Number of protein chains: 2
Amino acid sequence: MKTQPLKGMRDMLPAEQALRDYIQGQILETYRAAGFERISTPILEDMENLDKSEGGDNLNLIFKVMKRGDKLASALAKGEEKGLSDMGLRYDLTLPLSRYYAANRAVLPNPFKVIQTDRVYRAERPQKGRLREFVQCDIDILGDSSPNAEVELIDVTTRALLKIGFTGFTVNINDRRILRGMLESMGFAADTLDSVCITFDKMDKIGAEGVAKELTEKQLPADAIQQLADFIAAGDVTLDAVAARCADPAIADDLKYVLNTATALAGGRYGVAYSPSLVRGQGYYTGMVFEVNCPQFAGAVAGGGRYDNMVGKFIGQQVPAVGFSIGFERVCGILLEQGYQIPGAKKKLALLYLPHVDFTAVLQKAEALRSEYNVTVLPQAKKLGKQFGQLENAGFGAVAFADNDDVKLLGQNK
Amino acid sequence: MKTQPLKGMRDMLPAEQALRDYIQGQILETYRAAGFERISTPILEDMENLDKSEGGDNLNLIFKVMKRGDKLASALAKGEEKGLSDMGLRYDLTLPLSRYYAANRAVLPNPFKVIQTDRVYRAERPQKGRLREFVQCDIDILGDSSPNAEVELIDVTTRALLKIGFTGFTVNINDRRILRGMLESMGFAADTLDSVCITFDKMDKIGAEGVAKELTEKQLPADAIQQLADFIAAGDVTLDAVAARCADPAIADDLKYVLNTATALAGGRYGVAYSPSLVRGQGYYTGMVFEVNCPQFAGAVAGGGRYDNMVGKFIGQQVPAVGFSIGFERVCGILLEQGYQIPGAKKKLALLYLPHVDFTAVLQKAEALRSEYNVTVLPQAKKLGKQFGQLENAGFGAVAFADNDDVKLLGQNK
């Protein structure tokens, strides 16, 4: 039998898990203090829902769960891949939230300020910083079309990042509609813009030439591609310059409002910037998009945006929605590399007992010590000095004994 | 698109999720105070590992994840179900823990006292109290063959149940080896005992006749079946009577030790009892087994036992192991029905703001109020009285205003 976890998935050792639980607890506490409420949804979703969710490249990365019994047999008889599965593992928390809101909106507050922290799955080629199973920490506001929703998500998410000791980051913000307006003005047809945007978002990675090459492969108009490539190659693109090509000035005003308000709230603790090429991978975003970048990591450590049409797919009626998701694995990875320590953790104490002791009394003594320590009961070894060394290495700060009242401090605590 | 979650899976509304998080937090705090450390493993496991895990009926309930790309195409060409999948969703946390311990034992303490609280999956026919996705809260001790490990698990698990306000339960305990010894003495062959035990465990549900019927269907010896059915039908089976048919008296002594010590630790706060028919469903248990029963629920709300051979399947060397798992869904369900309230939760305050206000100042005021309240910023409605009513219904205890220093208490807090 295989002892290693599956490719792209991880076992968490106790020290890392303790750090993850602590960080998640701090993020949740920040979110809850801001009046957001946690929900949860199943990890499995209906395959049709996933297929129609406009998740961009992520739709190719869905783990599909096989049908069972007779349903599987009859699908297998047809020999087609499509019929073999009717549910899959979610690739994000936005599609499940939209379905959830559609099902439960009658009993949810309006606006609905919601937290999700949970596992998602993508069958990516495993590489550093990209796992096939990972945790996202999302907050979303549903039912609020005002740009104050964007401001609030940015305020609360950055507060969570600061609370866990994460610094030196920048919040990059854009509005897809400004970008789409500009792209239309260059000659890209409206029904190709999603596809153009997904390529354009790779600008920072593949440059003007790479964008042109990918768009040419997508068989888009050569003239429009040339204009876009020239625009990228020219560099130094200001919001005013891009907005000038967009038909609706109110959109640029909203973006400026969010940029200015978020900058005021940041008060210099982190950066806030306009990012003209930012579109985010998902096809479902309809307006502003934003992500958090930092020098320690090439990709984004958090990302989000407005997705006003997603809930409408379920109920046939538009519900404004905007969300911000922290890439928990990336944040934890960076903090671990920085040697992050959990502040104020209870000291670990080992309560040692000899054979044939009254074990009821041992456990009762352990319980009495637990107001002050996390107490582990352990058999006392013959070589006490060696055992002390092992306990110290395992992070114990103190040792007590079942048969006397001594408490011995270990290591740095001595 | 479908708005309901998949069959046998649940969306959690904010109030229930808050309760679940609180209860899980209390359980985790109890486990950690007792020196147990949390780990986590992926939800997906290698299909071969799952198939060889002796999970009893659960092996028929595994959700299988489809292979992808070329691997799927070549499996599909063969038209056989078996080759289509190489991984599955875990049906419990014991198999993943055994794999984890095998992979990481060099860096883990000995004995290893470990916590797992996470989701597991079983493709059961949905019914009350049985979901297809559910959470288990497990503690396990690996590397300790002494019955003190059983005592400690029972002590810590029952302490967690008491801490969350769960009362009126009984811990039922048995040892499979005593049961197996008795069954062998009745004439069942050693290699059929797992199968006999799985049927015998249903004694409370299907009675002596049902057991006889199921064993007859399994084509076991009629004479042995008759002896067992008579034994069950006679009722009032004592530990001494059963143990008398078991070859090794040390096993019965250990069981008595655990029963007596657990009874002393209970101090009358809950029941501790010998349960002669208890075997638990999983095939992997090797010695003592236990479960927690209560009048509010027909099945067990927690269950566990010793599984000394499971880690050995991975590393070819026996590692003693024992675990106890709280059925989190069942416990939460019972507490919800009892109208459980989270003690000491922070009061929710709504900070209302008018249009065109300085939103930076609103969010800064909200943050200042968060030392005392969970503060939600919301646009102020035109009809303030109606908004107060809605806020009160949504659980808000107070309202404040962005443009003045009033704080208005709502409802019972007035």
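This structure is a prediction, so every number in the text was calculated from the model and none was measured. We use all heavy atoms of the structure for the numbers below, so side chains are in, but hydrogens, waters and symmetry mates are not. First the proteins, then the strands, lettered A, B, ... as listed; each starts at 1.
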B:Arg32 vs A:Arg370 side-chain heavy atoms within contact, under 4.5 Å: no
Contact check, side chains of B:Leu72 and A:Glu81, non-hydrogen atoms, under 4.5 Å: yes
B:Ala34, part contacting chain A, at a heavy-atom distance under 4.5 Å: both
Interface moiety of B:Leu44 toward chain A, non-hydrogen atoms closer than 4.5 Å: both
Heavy-atom closest pair, residues B:Met66 and A:Ser85: SD-CB, 4.0 Å
Heavy-atom proximity to chain A below 4.5 Å, by part of B:Ile43: both
Minimal non-hydrogen separation, B:Asp11 against A:Pro42, with atom names: OD1-CD, 3.4 Å
B:Glu80 versus chain A, the contacting section by heavy-atom distance below 4.5 Å: backbone
Chain B interface, residue from A:Asp155, A:Asp358, A:Asn260 that has the most non-hydrogen pairs under 4.5 Å: A:Asp155
Residue among A:Val375, A:Leu351, A:Val107, A:Asn393 with most heavy-atom pairs under 4.5 Å to chain B: A:Val375
Heavy-atom closest pair, residues B:Gly35 and A:Thr376: CA-OG1, 3.1 Å
When B:Arg20, B:Lys113, B:Lys348 are compared by non-hydrogen pairs under 4.5 Å with chain A, the top option: B:Lys113
Region of B:Glu16 that comes under 4.5 Å of a non-hydrogen atom in chain A: neither
Interface residue of largest heavy-atom contact number with chain A, from B:Val65, B:Leu369, B:Leu108, under 4.5 Å: B:Val65
Chain A contact via B:Leu84 - side chain, backbone, both or neither, heavy atoms under 4.5 Å: both
side-chain contact (heavy atoms from CB on, under 4.5 Å) assessment of A:Leu265 paired with B:Phe359: CA-CA 9 Å; A:Leu265 284 162; B:Phe359 198 58; 5.6 Å; no
Under 4.5 Å from any heavy atom of chain A - which part of B:Asn104: side chain
NZ on A:Lys64 to CZ on B:Arg68, rounded to 0.5 Å: 7.5 Å
Residue selection (most heavy-atom pairs with chain A, distance under 4.5 Å) from B:Thr261, B:Leu391, B:Val362: B:Thr261
B:Glu29 bridged to A:Lys346 by N-O distance under 4.0 Å: no
Side chain proximity check, A:Met12 to B:Arg38, heavy atoms < 4.5 angstrom: no
Which portion of B:Val114 sits near chain A, non-hydrogen atoms under 4.5 angstrom: neither
Residue, of A:Asn110, A:Leu349, A:Thr360, A:Val156, that accumulates the most heavy atom pairs under 4.5 Å with chain B: A:Thr360
Portion of B:Glu133 that has a non-hydrogen atom of chain A nearer than 4.5 angstrom: side chain
Beyond-backbone contact of A:Asp86 with B:Leu6, side-chain heavy atoms, under 4.5 angstrom: no
Derivation and outcome, side-chain contact (heavy atoms from CB on, under 4.5 Å), residues B:Met1 and A:Asp51: CA-CA 10 Å; B:Met1 286 166 82; A:Asp51 277 337; over 6 Å; no
Contact check, side chains of A:Pro5 and B:Arg99, non-hydrogen atoms, under 4.5 Å: yes
Which atoms of B:Asp46 approach chain A - backbone, side chain, both or neither, heavy atom under 4.5 Å: both
Ion pair B:Asp118/A:Arg119, N-O distance below 4.0 Å: yes
Choice from A:Thr41, A:Leu28, A:Asn49 maximising heavy atom contacts with chain B below 4.5 Å: A:Asn49
Heavy-atom pairs under 4.5 Å with chain A, option from B:Lys313, B:Lys67, B:Arg132 with the top count: B:Lys313
Toward chain A, the part of B:Asp21 with a non-hydrogen atom under 4.5 Å: side chain
Contacting moiety of B:Ile115, where chain A heavy atoms sit under 4.5 Å: neither
Segment of B:Tyr373 engaging chain A (4.5 angstrom heavy-atom cut-off): backbone
Between A:Phe112, A:Phe36, A:Tyr257, the one whose heavy-atom pairs under 4.5 Å with chain B are most numerous: A:Tyr257
Selection from B:Gln390, B:Glu37, B:Gln364 maximising heavy-atom pairs under 4.5 Å formed with chain A: B:Glu37
Closest heavy-atom pair and its distance - B:Gln4, A:Ala103: NE2-CB, 3.8 Å
B:Tyr100 and A:Leu13: CA distance, side-chain angles, deciding distance, side-chain contact (heavy atoms from CB on, under 4.5 Å) verdict: CA-CA 9 Å; B:Tyr100 174 100; A:Leu13 289 171; 3.5 Å; yes
Within 6.0 Å of NZ in A:Lys163, more than 12 heavy atoms from elsewhere: yes
Donor-acceptor under 3.5 Å (B:Lys2 side chain, A:Glu48 main chain): no
Top contributor to chain A interface from B:Met87, B:Met9, B:Lys52, B:Gln17 [non-hydrogen pairs under 4.5 Å]: B:Gln17
Contact class of B:Leu95 relative to chain A, heavy atoms under 4.5 angstrom: side chain
Side-chain heavy atoms of A:Tyr101 within contact of B:Thr3, under 4.5 Å: no
